[in-house]
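Lettering of chains follows the sequences in order, A, B, ..., and the numbering in each one begins at 1.
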Amino acid sequence: MEFVTQNTDKEERMEYPFQDIEKKWQKNWNDKKLFNTLDATDKKKYYVLAMFPYPSGILHCGHVSNYSISDAIARLKMMEGYNVMQPMGFDSFGMPAENYAIQNNSHPGITTEDCITAMHKQFDSLGFGLDWDREVSTCRPNYYKWGQYLFKKLYEKGLVYRKTSFQNWCESCQTVLANEQVENGHCWRCDSQVTQKELEQWYFKITEYAEELLDFSKMLDWPERVITMQKNWIGKSFGTEINFSLEGTGEPVKVFTTRPDTIFGVTFMALPPEHPYVQRWLAEDPENKALHDFCHKVINEDKIERTAENTTKEGIFSGRFCINPVNGDRVQIWVTNYVVMDYGTGAVMAVPAHDQRDFEFAKKYNLPIKIVIQNKEHDLTAETMTAAYVEPGFQVNSAQFDGMENEPAKQAITDWMQSKGMGRQTVTYRLRDWGVSRQRYWGNPIPVIYCDDCGIVLVPDKDLPVLLPSNVQVGKTTRNPLLSVPEFVNTTCPQCRKAARRETDTMDTFVDSSWYFARYADPKNDNEPFNKDKANYWLPVDQYIGGIEHAVMHLLYARFIHKFMRDLCWVKCDEPFARLLTQGMVTKDGAKMSKSKGNVVDPKYIIDRFGADTLRVFLLFASPPEKDSEWSDDGVMGAFRFLNRVWRLIETNLDALKRGMQLNANIEDVSPAMKDLLFSSHNTTKKWLEDSIHRMQYNTAIAAIMEHLNHCVAVKEPEALNDADLAVYAEACGIIPQLLYPFAPHIAEELWQMLGFEGMVHSGGLPGYEERYLVRDRINYVIQINGKVRGKMEIAPDTAEDKIRELALEVDNVKKTIEGKTIHKVIVIPGKMVSIAIS
RNA sequence: GCGAAAGUGGCGGAAUUGGCAGACGCGCUGGACUUAGGAUCCAGUAGGUGCAAACCUGUAGGGGUUCAAGUCCCCUCUUUCGCACCA
């Protein structure tokens with residue numbers, strides 16, 4: 001179903017005037033600078049941040065959903081009296097802008113600014129409480145200057161280095177990708193196949209922080225899922241480094257193993273073709289064609305393909321041997337495709353009896369299998385095994401360790417080797433350093449100059465930022481675009497003044513987004529990245545909100561850079577994001593909205609026809625924030641009907657309500673029906689507080705308002721109520737604007753004003769409830785017999801337990817059911833139920 | 001393969017601590033009002049049997065603990081996500 005465009009006949013349709021209301025309050029908030037937050041260091045702060053968008057030009061429903069959540073939180077915190085900051089900006093460097101510019105023969109700088117303007121307008125039309133005075137856009141020189149400064153600081157602290165190696169290469173994006181940015185062998189952004197290419201590039205030593213990045217204790221509330229993903233990614237494993245030595249030269253060959261207990265079972269050594277020793281043997285032995293061919297083949301194989309699990313293990317005997325330090329065994333060295341150079345020490349001691357990969361390899365090439373861990377039955381034999389034995393067992397063929405259980409033997413053997421200088425206990429991580437060079441134009445230039453005499457020279461602070469030139473012919477070449485700008489490339493060496501060249505790679509855009517949350521604290525600072533006091537007032541972000549797709553990449557990089565900034569004493573806290581909410585995406589027809597699937601809903605359409613409040617209520621009501629939610633045109637109508645019902649309730653009864661608010665209810669005079677409504681007011685408020693503030697489950701908070709609204713609407717002819725009843729009624733309707741405010745702020749402000757309350761809704765504080773109104777005269781008890789509901793009764797709350805038991809057995813249907821049966825047990829759950837067990 | 005999360009009406013979802021399963025919304029059915037609307041109001045809506053009272057079945061499937069299980073335990077299946085020759 002498609003919505004027809006603008007309906008002008010509002011009166012007749014009895015729709016509330018959402019357009020006027022939304023425009024009015026957006027202007028009002030703006031005029032009052034309600035969301036332009038001051039750095040009021042004497043006030044308790046609350047920093048709400050939703051991940052900033054890439055300026056694609058249109059906000060889609062996923063964005064709206066995301067920012068509706070953060071705005072709800074921000075407004076709730078405003079009601080609570082916090083000094084709330086909710087900034088917004090744009091992650092505006094990156095490939096899409098560059099590609100778009102190539103296609104349309106324009107310039108990414110221009111298209112990006114146009115997109116930002118367009119999106120800014122859309123943000124305004126949604127009425128989010130954003131502090132635009134703090135806007136940050138990563139492609140603007142006043143921002144990226146400090147990214148370059150940060151790069152220099154990292155370099156000065158020895159956390160940046162250059163390395164040539166095989167890199168993940170995306171042909172379609174024409175650039176290198178970090179390991180985190182490769183998903184199942186495909187590019188995280190464009191999904192095309194990733195290949196390997198040898199390149200020299202810049203790395204950040206994120207591995208220096210690996211240990212600290214594993215400490216999640218400073219996170220108050222991070223989803224376990226995200227923590228697990230990061231832990232897996234960092235991949236810490238404890239083990240032992242063992243020094244084998246090359247036969248002949250005696251040079252060390254270090255291996256890393258998590259199974260030192262199997263050291264006596266080593267029957268060969270496995271090295272990757274990239275291993276320096278292998279490379280040396282190739283050079284020394286140009287005649288060994290078989291070895292050359294094999295190494296050449298494996299090195300040029302796709303790395304992703306090569307490390308896939310189902311790839312067959314292959315190898316070739318190198319002709320060399322090494323010596324096992326524990327027993328002097330002479331061990332063949334094989335060059336294989338299943339060992340990778342960049343994990344551990346890049347060398348594996350192969351124990352076919354107790355490692356499945358080694359087992360398969362040994363079977364294929366007829367290498368010996370030596371059992372050193374026996375099972376309980378002691379019936380393992382090398383001849384009869386069909387798979388490696390990896391279960392716990394007892395040491396055999398292991399010299400003085402024979403008979404020990406293998407688990408304690410790990411430590412014993414490691415200790416013994418350590419004392420003999422054969423090895424040492426060590427820790428290895430799966431995490432690799434972060435490759436940050438990108439061979440693209442639309443990114444932050446790396447502030448480095450290459451001088452023939454002086455080598456790598458950093459651009460001096462006074463020359464920052466290295467401005468990204470605008471006269472670049474994008475898309476004219478497959479080479480790095482900045483290479484084609486001579487006036488950019490050619491410069492003079494800051495040290496010796498001779499001609500020199502600039503670095504033409506730009507930084508990964510994840511660098512830009514790794515510190516923006518701190519820049520929001522002081523976005524206009526031209527003298528430093530940000531003022532420390534301001535940053536320390538605002539940081540950490542109290543509530544961060546974003547998609548699960550950033551669980552590893554962005555969130556790990558940002559934590560790393562934040563810790564680095566802490567080590568520079570720029571910030572004090574250890575973690576940038578105290579609480580994290582990973583919101584679900586908005587799907588349509590069960591799939592993520594995307595242009596290619598043709599299932600995109602343009603929020604503008606909904607806002608024009610039903611209003612921003614309706615859209616926000618719909619999105620928040622659809623499901624809990626962290627779950628995906630399915631778009632539904634009918635659901636939007638439901639939200640719209642709800643707001644119309646609220647509007648009608650208050651507008652049509654406005655006189656009575658205003659009168660009722662002046663009255664004091666004497667509880668004695670309130671009729672039973674109105675006592676129920678009084679209960680609803682306080683009970684709803686209680687549930688609303690619990691759901692919205694404590695549980696952050698806005699769908700049920702909204703459901704509670706709807707339920708309460710149904711109770712209010714059920715009151716007919718309120719103007720005819722007596723004073724006590726009218727006072728109760730006025731209170732019941734009067735709390736609705738506050739309850740609605742975080743989710744539908746425009747209509748909430750309008751109703752608040754209509755009802756004659758002072759100031760704006762948030763200044764009224766959080767709504768409160770009184771326990772005394774939650775006490776009921778009569779309580780509903782359910783009577784269960786053998787677990788089935790067989791009766792109900794209404795009794796006074798202070799009824800004694802014996803009496804309750806007695807009454808329950810008197811209920812008609814209960815009497816009938818227990819007739820002629822033996823009662824074993826009667827359990828009373830105070831305030832709830834009576835449970836009877838019969839035979 | 002390893003790890004994690006999830007599975008509830010026609011649909012989105014609720015049930016917060018083991019205590020009336022299906023709140024709330026959508027959709028649907030019937031009715032009212034009509035200036036015929038994507039409006040409003042009333043009633044109904046898990047499935048089944050029944051005139052009704054009421055009864056039976058039911059939270060992926062199977063077992064268990066308990067007076068009481070969507071919730072706790074064991075097994076199986078399915079889906080989603082993450083990791084995956086990591087030594």
Side-chain angles (χ1 to χ4, degrees), chain A residues 1 3-4 7 9 12-15 183-184 223-226 228-233 235 237 239 255-259 262 270 306-313 336-340 342-351 355-358 360-361 428-430 548-549 551-552 609-610 617-618 621-624 627-642 644-645 648 687 690-691 694-695 697 699-707 709-710 713 780-790 792 812-813 816 824-827 829 831-838:
Chain A
M1 184 193 75
F3 294 115
V4 188
N7 161 46
D9 202 353
E12 190 179 285
R13 313 277 170 140
M14 299 209 290
E15 287 176 359
E183 293 165 350
N184 296 319
E224 209 45 56
R225 187 157 72 122
V226 175
T228 307
M229 282 164 77
Q230 294 207 352
K231 277 185 181 164
N232 286 343
W233 189 260
S237 57
V255 299
F256 171 77
T257 182
T258 54
R259 295 294 305 274
T262 64
R306 182 174 146 195
T307 54
E309 192 175 22
N310 43 15
T311 307
T312 11
K313 291 164 187 52
T336 71
N337 67 344
Y338 76 94
V339 176
V340 294
D342 48 7
Y343 181 77
T345 59
V348 170
M349 61 175 222
V351 186
D355 182 284
Q356 187 58 27
R357 295 154 303 181
D358 299 342
E360 286 166 27
F361 193 86
T428 299
Y429 302 90
R430 205 185 78 101
I548 187 72
E549 66 273 20
V552 174
R609 180 61 196 88
F610 304 103
V617 166
F618 163 72
F621 182 63
S623 69
K627 282 181 75 177
D628 290 351
S629 59
E630 172 73 11
W631 179 265
S632 151
D633 287 348
D634 289 328
V636 174
M637 288 305 305
F640 188 53
R641 267 200 292 268
F642 164 57
N644 272 298
R645 265 155 59 85
R648 262 199 315 275
K687 180 161 174 49
E690 179 80 23
D691 285 352
H694 184 231
R695 292 207 302 160
Q697 194 169 297
N699 56 333
T700 50
I702 292 169
I705 307 172
M706 289 174 168
E707 222 170 333
L709 174 69
N710 290 341
V713 166
N780 234 317
Y781 270 73
V782 166
I783 302 139
Q784 278 188 355
I785 298 171
N786 285 353
K788 289 191 172 119
V789 180
R790 294 296 180 208
K792 292 183 182 186
D812 277 355
N813 203 43
K816 212 169 76 190
H824 294 296
K825 230 183 208 180
V826 180
I827 296 159
I829 313 296
K832 282 183 178 154
M833 63 161 24
V834 181
S835 187
I836 304 166
I838 62 170

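Looking at heavy-atom distances under 4.0 Å, A/Lys687 makes contact with a base. Looking at heavy-atom distances under 4.0 Å, A/Asp355 makes no contact with the nucleic acid at all. Contact annotation for A/Val552: no contact, since no heavy-atom pair falls under 4.0 Å across all strands. Using a 4.0 Å heavy-atom cutoff across all strands shown, A/Val351 reaches no nucleic acid atom at all. Residue contacts for A/Asp628: at a heavy-atom cut-off of 4.0 Å it reaches the sugar-phosphate backbone alone, with no base atom in range.
Remark: A/Arg648 engages no residue in a salt bridge (Lys or Arg N to Asp or Glu O under 4.0 Å) (not counting sequence neighbours). In this structure, the side-chain contact (heavy atoms from CB on, under 4.5 Å) partners of A/Val552, at least two apart in sequence or on a different chain, are A/Glu180, A/Met229, A/Trp233, A/Leu556. Remark: A/Lys627 engages A/Ser623, A/Pro624 in a side-chain contact (heavy atoms from CB on, under 4.5 Å) (not counting sequence neighbours). Listed by chain and number, the residues in a side-chain contact (heavy atoms from CB on, under 4.5 Å) with A/Phe361 are A/Phe268, A/Lys313, A/Trp334, A/Thr336, A/Tyr338, A/Tyr365, A/Leu367 (sequence neighbours excluded). When the salt bridge (Lys or Arg N to Asp or Glu O under 4.0 Å) test is applied to A/Asp355, the partners found at least two apart in sequence or on another chain are A/Arg357. In terms of the salt bridge (Lys or Arg N to Asp or Glu O under 4.0 Å) criterion, A/Arg430 has no residue partners (sequence neighbours excluded). Every ring pair (Phe, Tyr, Trp, His ring centres under 6.0 Å) that A/Phe618 has, sequence neighbours left out, goes to A/Trp631. Qualifying side-chain contact (heavy atoms from CB on, under 4.5 Å) partners for A/Asn786, counting only residues two or more places apart in sequence or in other chains: A/Ala837, A/Ile838.
Going from the C1' atom of B/G50 to that of B/C55 covers 9 Å, rounded to whole Å. The separation of B/U49 from B/G12, taken at their P atoms, amounts to 26 Å, rounded to a whole angstrom.
Taking 4.0 angstrom as the limit, A/Gln697 places a side-chain polar atom (N or O) nearer than this to OP1 or OP2 of B/A15. Within the 4.0 Å cut-off from OP1 or OP2 of B/A87, at least one side-chain nitrogen or oxygen of A/Ser237 is found.
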Quick test: give all pairs of protein nitrogen or oxygen and nucleotides 4-11 of chain B nitrogen or oxygen below 3.5 Å, distance rounded to 0.1 Å.
none

What protein N or O atoms touch nucleotides 48-56 of chain B N or O atoms at under 3.5 angstrom, if any, and at what distances?
unit_1 : atom_1 : unit_2   : atom_2 : d
B/C55  : OP1    : A/Arg790 : NH1    : 3.1
B/C55  : OP1    : A/Asn813 : ND2    : 3.3
B/C56  : OP1    : A/Arg790 : NH2    : 3.1
B/C56  : OP2    : A/Arg790 : NH1    : 3.0
B/C56  : OP2    : A/Arg790 : NH2    : 3.3

Can you name the atoms? Protein N/O to nucleotides 27-32 of chain B N/O, anything below 3.5 Å, with the distance.
unit_1 : atom_1 : unit_2   : atom_2 : d
B/G27  : OP2    : A/Arg641 : NH2    : 3.2

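Put simply, CZ on A/Phe642 is 10 Å from C1' on B/C24, counting in whole angstrom units.
For the strand RNA chain B, secondary-structure stems (runs of at least three Watson-Crick or G-U pairs, all distances below 3.5 Å) span B:1-7 with B:77-83, B:10-12 with B:24-26, B:27-32 with B:40-45, B:46-49 with B:54-57, B:60-64 with B:72-76.
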